[in-house]
Amino acid sequence: MVPLLWGCSDADVTADTSYTMEQPANFPKATYTLENNPVTKEGFELGRMLFYDTRLSGDSTISCSTCHIQQAAFADPAHRVNHGVANRLGTRNTPALTNVAFRSSFFWDGGSNHLDFVPVNALTSHVEMDNTMEEVVRRLNDLPEYQKRFKNAFNKEEIDSQQLLHALSQFMVMFVSANAKYDKVIRGEGEQFSAEELAGYDLFIAKCSSCHATDLFTDGSYRNNGLDTDFKKDSGRSRITELSDDLGKFKVPSLRNVALTPPYMHDGRFQTLEQVLTHYARQVKDSPTVDPALRSGDSLGIPITDDERLKIIAFIKTLTDDEFGRDKRFADPF
Ligand code: HEC
Ligand code: HEC
């Protein structure tokens, strides 16, 4: 496979802010420490190539982009759970990668707290890319194209795993998605909600925003939203903390672009937003760690009528940022 250079001429990209990470006015402050790994054109384009390169996996069939698909906000709409080397299946749904520079922890259970280390997991996981860091680095050092690109980006003689991880982070921190209809309404950029969306917004604030908070639509906490009565299949946050209080708690996911990223929940059990809303309205299951926000007296769940369900979904669709999925900077360079 001979990697081709991306099509657009340098004149298209150098004079503008294509390689400056954006801090949208309505977002909390970014968590990624850019001072330790500033984004450069060379580093970003290298990260992009790595992200789309199947040679990073053990048998050279799987790249990051096999599971993280740009048109789906870098989630995987085709598979319920991670689907990697040799058709092996994992246990968790592939999350969207929008606004990763604003997240303070990663994975459904918060098992990683720095973006730079996250790819190690995918690269070395038996079910995902089934490689070793030594082997990935060895392969890259053998490829003249990468020797040249790493040298240009980091100015070191030999490629090492830190440069690899820094390049991937430089690519991913640029995944800022802040141009949905919602943003344009909130920032007063000339768009208006329809009557249905506005009603949905009010319902969302009242019923959902205690967890799906801020303009990232997550408070970053771990909660049990009542999917199961026992947690033998996946104990969630308690895998990391070993606390029984954390059994069945999972990270509150951002809802940005969520209309593009079915299936839903940590195990991809729901296919549609209708099913998600029906879960909250009628199917919340009891267990010792179920979130207090989902309990009132003896009853469980969030009261939502069928009409309210439609309005909430209309609002959620205003969180879809079509420009993000089409942004050429993030497309396959090969
Ligand atoms: C086989 C599918 C698959 C491949 C290949 C894959 N990922 Fe993932 N990725 C996942 C799944 C599933 C998770 C969630 C894992 C968990 O929560 O335990 C995830 C989580 C992540 C996250 C954390 C998102 C968050 O906020 O929780 C990042 C960042 C990420 N992957 C980047 C990458 C990069 C970079 C590569 C390539 C080196 C890659 N992934 C390859 C499936 C995949
Ligand atoms: C008590 C906190 C809490 C409340 C209240 C809450 N959620 Fe959630 N939500 C979560 C958690 C935690 C998850 C992930 C659970 C898992 O996968 O195990 C989630 C998952 C979701 C998902 C799936 C996202 C994905 O990428 O898979 C959607 C959609 C969603 N919630 C919408 C809503 C809506 C709409 C409301 C209001 C009717 C709401 N939530 C209320 C905590 C909450």
Side-chain angles (χ1 to χ4, degrees), residues 47 50-54 56-57 62-68 73-76 79 81-85 88-100 103 105-112 115 117-123 125 127-131 136 164-165 168-169 171-172 175 200 203-204 206-213 217-219 221-228 234 236 239 248-259 261-270 273 275-277 279-281 284 290-295 301-304 308-309 312-313 315-316:
L50 293 163
F51 191 89
Y52 283 94
D53 196 334
T54 54
L56 268 54
S57 67
I62 306 284
S63 65
C64 310
S65 67
T66 308
C67 299
H68 296 287
F74 293 102
D76 181 357
H79 298 99
V81 291
N82 36 355
H83 179 254
V85 158
R88 287 175 203 146
L89 289 177
T91 54
R92 289 192 177 161
N93 182 249
T94 303
L97 299 184
T98 34
N99 306 319
V100 286
R103 299 185 190 179
S105 67
F106 302 90
F107 302 137
W108 286 100
D109 54 19
S112 178
L115 181 63
F117 298 118
V118 168
V120 177
N121 214 293
L123 290 163
S125 148
V127 298
E128 293 191 352
M129 298 172 83
D130 197 25
N131 211 339
V136 178
L164 163 67
L165 297 171
L168 283 169
S169 286
F171 181 55
M172 292 189 289
F175 294 174
L203 289 162
F204 184 89
K207 295 174 193 283
C208 318
S209 71
S210 60
C211 300
H212 297 285
F217 295 90
T218 169
D219 65 357
S221 68
Y222 304 89
R223 315 266 195 149
N224 172 355
N225 69 344
L227 295 171
D228 292 301
D234 193 335
R239 272 173 47 163
K249 293 187 182 172
F250 291 87
K251 187 154 52 154
V252 177
S254 168
L255 299 184
R256 285 196 168 265
N257 298 302
V258 75
T261 69
Y264 301 115
M265 305 299 169
H266 68 271
D267 57 1
R269 69 178 63 193
F270 298 132
L273 290 170
Q275 287 168 358
V276 170
L277 271 292
H279 161 74
Y280 283 114
V284 170
V290 75
D291 202 273
L294 300 175
R295 191 193 292 283
I302 304 175
I304 305 168
E308 289 174 336
R309 186 168 70 163
I312 293 174
I313 291 173
F315 166 69
I316 289 177

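Every number for a ligand or one of its atoms is a count from 1 in the order of the listing.
Side chains of V284 and I302 form no contact here, defined as non-hydrogen atoms less than 4.5 Å apart. E308 has its side chain out of reach of I313: every pair of non-hydrogen atoms, C-beta onward, lies at least 4.5 Å apart. Using a 4.5 Å cut-off on side-chain heavy atoms (C-beta onward), R92 and D109 make contact. Contact check for D291 versus N225: no side-chain heavy atoms found under the 4.5 Å cut-off. Proximity of F175 to L97: side-chain heavy atoms (C-beta onward) are separated by under 4.5 Å at one or more points.
Here the protein heavy atom with the shortest distance to atom 11 (C) of ligand 2 is N225 ND2, 3.6 Å. Ranking the protein heavy atoms by distance from atom 14 (C) of ligand 1 puts P95 CD, 3.4 Å first. Among all protein heavy atoms, the one lying closest to atom 18 (O) of ligand 1 is R92 NH1, 2.9 Å. What sits closest to atom 29 (C) of ligand 1 on the protein, heavy atoms only, is V118 CG1, 3.5 Å. For atom 36 (C) of ligand 1, the nearest non-hydrogen atom of the protein is C64 SG, 2.8 Å. Scanning the protein for heavy atoms near atom 4 (C) of ligand 2, the closest one is C211 SG, 3.4 Å. Distance from atom 24 (C) of ligand 1 to its nearest protein heavy atom, with residue and atom name: R103 NH1, 3.6 Å. Of the protein's non-hydrogen atoms, C67 SG, 1.9 Å is the one closest to atom 2 (C) of ligand 1. Given atom 22 (C) of ligand 2, the protein heavy atom at minimum distance is M265 CE, 3.8 Å. Nearest protein neighbour of atom 41 (C) of ligand 1, counting heavy atoms only, is A122 CB, 3.4 Å.
With a 4.0 Å cut-off on non-hydrogen atoms, S63 touches ligand 1 through its backbone and not its side chain. Here V81 has no heavy atoms under 4.0 Å from ligand 1, in either its backbone or its side chain. Of the heavy atoms in I62, only side-chain atoms (C-beta onward) come closer than 4.0 Å to ligand 1.
Where the criterion is an N or O separation shorter than 3.5 Å, residue side chain and backbone included, N93 fails it with respect to ligand 1. Here's the thing with H83: none of its N/O atoms is less than 3.5 angstrom from an N/O atom of ligand 1. Considering both main-chain and side-chain atoms, F106 never comes within under 3.5 Å of ligand 1 through any nitrogen or oxygen pair. On a distance-only criterion, L255 and ligand 2 share no N/O pair closer than 3.5 Å.
Between H68 and F51, the two ring planes are tilted [angle within 30° to 60°]. Ring geometry for F217 versus F204: interplanar angle over 60°, hence perpendicular rather than tilted (30 to 60°).
Atom 27 (O) of ligand 1 has its nearest heavy-atom neighbour, among F51, F107, F175, Y52, in F107. Among R223, R256, H266, the residue whose heavy atom lies nearest to atom 16 (C) of ligand 2 is H266. Distances from atom 42 (C) of ligand 2 to the heavy atoms of Y264, F250, Y280 put Y280 nearest. Of the candidates C208, G236, P253, the one placing a heavy atom closest to atom 13 (C) of ligand 2 is P253.
Between the side chain of W108 and the main chain of N93, a donor-acceptor pair closer than 3.5 Å is present. The backbone N or O of P253 lies less than 3.5 Å from a partner atom in the side chain of H212, making a donor-acceptor pair.
Two rings, from F250 and F107, have their centers 6.0 Å or more apart.
Below 4.0 Å from some heavy atom of T94 lie the following atoms of ligand 1, by number and element: 10 (C), 11 (C), 12 (C), 42 (C). Set against the non-hydrogen atoms of L273, the atoms of ligand 2 under 4.0 Å away are 29 (C). Atoms of ligand 2 lying under 4.0 Å from any heavy atom of I304, numbered from 1 in the order shown and given with element: 38 (C). The distance from ligand 2 to the heavy atoms of V276 drops below 4.0 Å at these ligand atoms: 28 (C), 29 (C), 30 (C). Within the listing of ligand 2, atoms 5 (C), 37 (C) sit less than 4.0 angstrom from a heavy atom of K207. Close approach of ligand 2 to L227 is summarised as follows: ligand atoms under 4.0 Å from at least one heavy atom of the residue are 16 (C), 18 (O).
Among the heteroatoms counted here (N, O or S) of H212, NE2 is the one nearest to atom 8 (Fe) of ligand 2. Of all the N, O or S atoms in H68, the one closest to atom 8 (Fe) of ligand 1 is NE2.
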Query raised in the report: When you look at F106 and L115, which way does the side-chain contact (heavy atoms from CB on, under 4.5 Å) test go after all the steps?
Result: CA-CA 7 Å; F106 302 90; L115 181 63; 3.8 Å; yes

Query raised in the report: Where do I304 and K207 land on the side-chain contact (heavy atoms from CB on, under 4.5 Å) test, with the steps shown first?
Result: CA-CA 9 Å; I304 305 168; K207 295 174 193 283; 4.2 Å; yes

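Residue W108 places a heavy atom less than 4.0 Å from ligand 2.
In terms of heavy-atom proximity, A73 sits nearest to N257 at CB-CB, 3.7 Å. Between L165 and P119, the closest heavy-atom pair is CD2-CB, 3.9 Å.
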